[in-house]
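Taking it in order: structure first as structure tokens, then the write-up.
Computation of the quantities below employed the complete heavy-atom set of this structure, encompassing side-chain atoms and omitting hydrogens, waters and symmetry-equivalent molecules. The sequence lines fix the lettering, A, B, ..., with proteins before strands; numbering per chain opens at 1. These figures come from a predicted structure and were not determined experimentally.
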Amino acid sequence: MMSAGKVTVDNFDEVVLKSSKPVLVDFWAEWCGPCRAVGPILDEISNEYGDKLTIVKLNTDEESALAIKYGVTSIPMLNVYVNGEVVKTIIGAKPKPALLKELAEFI
Amino acid sequence: MIKDLVIVGSGPAGYTAAIYAARAQLNPVIYEGSVTAGGALMNTTEVENFPGFVDGVMGPDLMDSMRKQAKRFGAELITDDVVEMDLSGDIKILKDGSGNTVQAKAVILAMGSAYKEIGLENEKRLSGRGVSWCATCDGFFFRDQVIAVVGGGDSAVEEATFLTKFASKVVLIHRRDSLRASKIMADRALTNPKIEMLWNTEVIDVLGADKVSALQLRNTVTGEESKRDFTGLFVAIGHIPRSELVTSQITLNEEGYVSVDGRSTRTNLKGVFACGDLVDFTYRQAITAAGSGCQAALDAEKFLSH
């Protein structure tokens, strides 16, 4: 079982920006109900499609500088990075079928 | 296998129905929703008026307790969405988000309500870019900023008060000249030095290239328009019932709420019951939702025993 790993300011470049495959970053926080709801769904997607799409979590409380840098004003916010660029942003918790549809081009 | 009872939705109404139905040994299956489990209270902070909690209780904690209570009595909890329902026959057929089908003799509908949007094109475009429907989720990102809350009911006032923890100033925009919110909450907002009231005002546009920078406002009395800078807009103008799955098969009122027979929870379809915010356009409290969930379980139990 692959559950989504954690990124911080120390490994963000390495894990996200320099990745050879697409990376989805889940901007979340402990106190955000919808974030806690979508977390397990992302773990499932990571488990099923981890070979094509890397999924990582970024705690916006611990990493507020990164959250500010990427203009987060709503969480959960899911950013997909390809070659270091944000190519897709999904805002709000969505059911798995809806997320798979939105992520279809990456998985 | 045909189940006795399936409950769709999991706020105070759905969980209370599950507690009562499980204790009546109806072995209920409850579809909690994949991302909506717990319902509207999951996005609130402190609930001060739920009887029995002297010092208040956090919305998510209250829902977690109800969930555990339902589970303790044997309700089968499924964290998935119902995506299709055929409620017309004696045996109801429901399909979930994972493609499974479940059949049941009775169904309790408790899908609750969703946030209402103002209905502006730019509101949608800038959603998540300064426009938000969840103060508890997003307030944190507006530290030391000047933000607007639109609405005049309990949720608008609660959000405005909550947001003063982060924002340097919160402007509460309401199209009338008095608040609809309960007195204690309204007083709290009106005396809060960080909250400014903007009466008789409606939001007619949300401005900003890639994030909210200002709102275009109109005075509802004089018709005068003005522009004012804000970095965030929290929309709390009420709710719409989540009745879209049953629109074509069940009797709804003009606003889309499921109609029930008198003080019961019986819908126009035999074996289908409805409760909570899906039905209630008047009270919409956690305690009234829980009460109607209890009624729905008792109505379903009576129906199944015949």
Side-chain angles (χ1 to χ4, degrees), chain A residues 4 24-49 57-80 85-103, chain B residues 10 31-45 58-61 63-64 79-84 95-99 114-115 124-143 145 147 162 165-166 208 210-212 230-235:
Chain A
L24 182 153
V25 180
D26 170 20
F27 292 83
W28 76 290
E30 199 71 55
W31 38 263
C32 155
C35 299
R36 287 201 301 267
V38 81
I41 296 176
L42 291 171
D43 285 343
E44 278 178 34
I45 296 177
S46 174
N47 195 31
E48 289 160 28
Y49 300 94
K57 290 175 191 291
L58 186 145
N59 185 314
T60 55
D61 280 349
E62 294 166 7
E63 303 295 335
S64 51
L66 279 173
I68 290 165
K69 181 174 173 193
Y70 285 99
V72 179
T73 60
S74 272
I75 52 172
M77 178 169 112
L78 314 176
N79 270 359
V80 181
E85 300 282 328
V86 179
V87 295
K88 188 169 191 86
T89 297
I90 303 168
I91 285 161
K94 294 186 180 177
K96 190 175 173 187
L99 279 180
L100 289 179
K101 211 165 142 192
E102 294 232 31
L103 297 172
Chain B
S10 65
Y31 276 97
E32 300 177 280
S34 65
V35 292
T36 51
L41 280 183
M42 297 303 283
N43 293 339
T44 63
T45 50
M58 297 301 279
D61 293 344
M63 295 325 300
D64 192 47
T79 311
D80 201 343
D81 307 290
V82 168
V83 295
E84 232 178 277
K95 217 171 109 184
D96 72 23
S98 311
Y115 303 112
K124 204 172 276 287
R125 182 176 61 85
L126 293 167
S127 142
R129 304 271 177 226
V131 179
S132 172
W133 283 266
C134 180
T136 55
C137 305
D138 303 336
F140 178 80
F141 301 106
F142 294 87
R143 200 172 279 280
Q145 300 178 34
I147 55 182
F162 175 79
K165 286 209 253 180
F166 306 104
D210 53 4
K211 57 184 188 182
V212 173
F230 292 103
T231 51
L233 170 65
F234 287 80
V235 181

If you define the side chain from C-beta out and look only at heavy atoms, does anything of [X] sit under 4.5 Å from [Y]?
X	Y	result
A/Trp31	B/Thr136	no
A/Thr73	B/Gln145	no
A/Thr60	B/Phe141	yes

Can you tell me how far apart CD1 (A/Ile91) and OG (B/Ser132) are? Round to the nearest 0.5 Å.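 Here the rounded value is 10.0 Å.
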
Residue part contacting chain A, namely of B/Thr231, when any heavy atom lies under 4.5 Å: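 The answer is neither part of B/Thr231.
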
Against chain A, label B/Val131 side chain, backbone, both or neither, depending on which of its atoms sit under 4.5 Å from a heavy atom there.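 The backbone, not the side chain.
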
State whether the number of non-hydrogen atoms from other residues, nucleotides or ligands found under 6.0 Å of B/Lys95 atom NZ is greater than 12.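 Result for NZ/B/Lys95: open.
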
Please report the shortest heavy-atom distance between B/Ser34 and A/Lys96, naming the atom on each side. OG-N, 4.3 Å

Minimum heavy-atom separation for A/Pro34 and B/Asn43, please, with both atom names. CD-OD1, 3.3 Å

Is A/Pro97 close to chain B through its backbone or its side chain, or both, or neither, when contacts mean heavy atoms under 4.5 Å?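 Interface part for A/Pro97: side chain.
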
So which part of A/Ile41 gets closer than 4.5 Å to some heavy atom of chain B, the side chain, the backbone, both or neither?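 The answer is the side chain of A/Ile41.
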
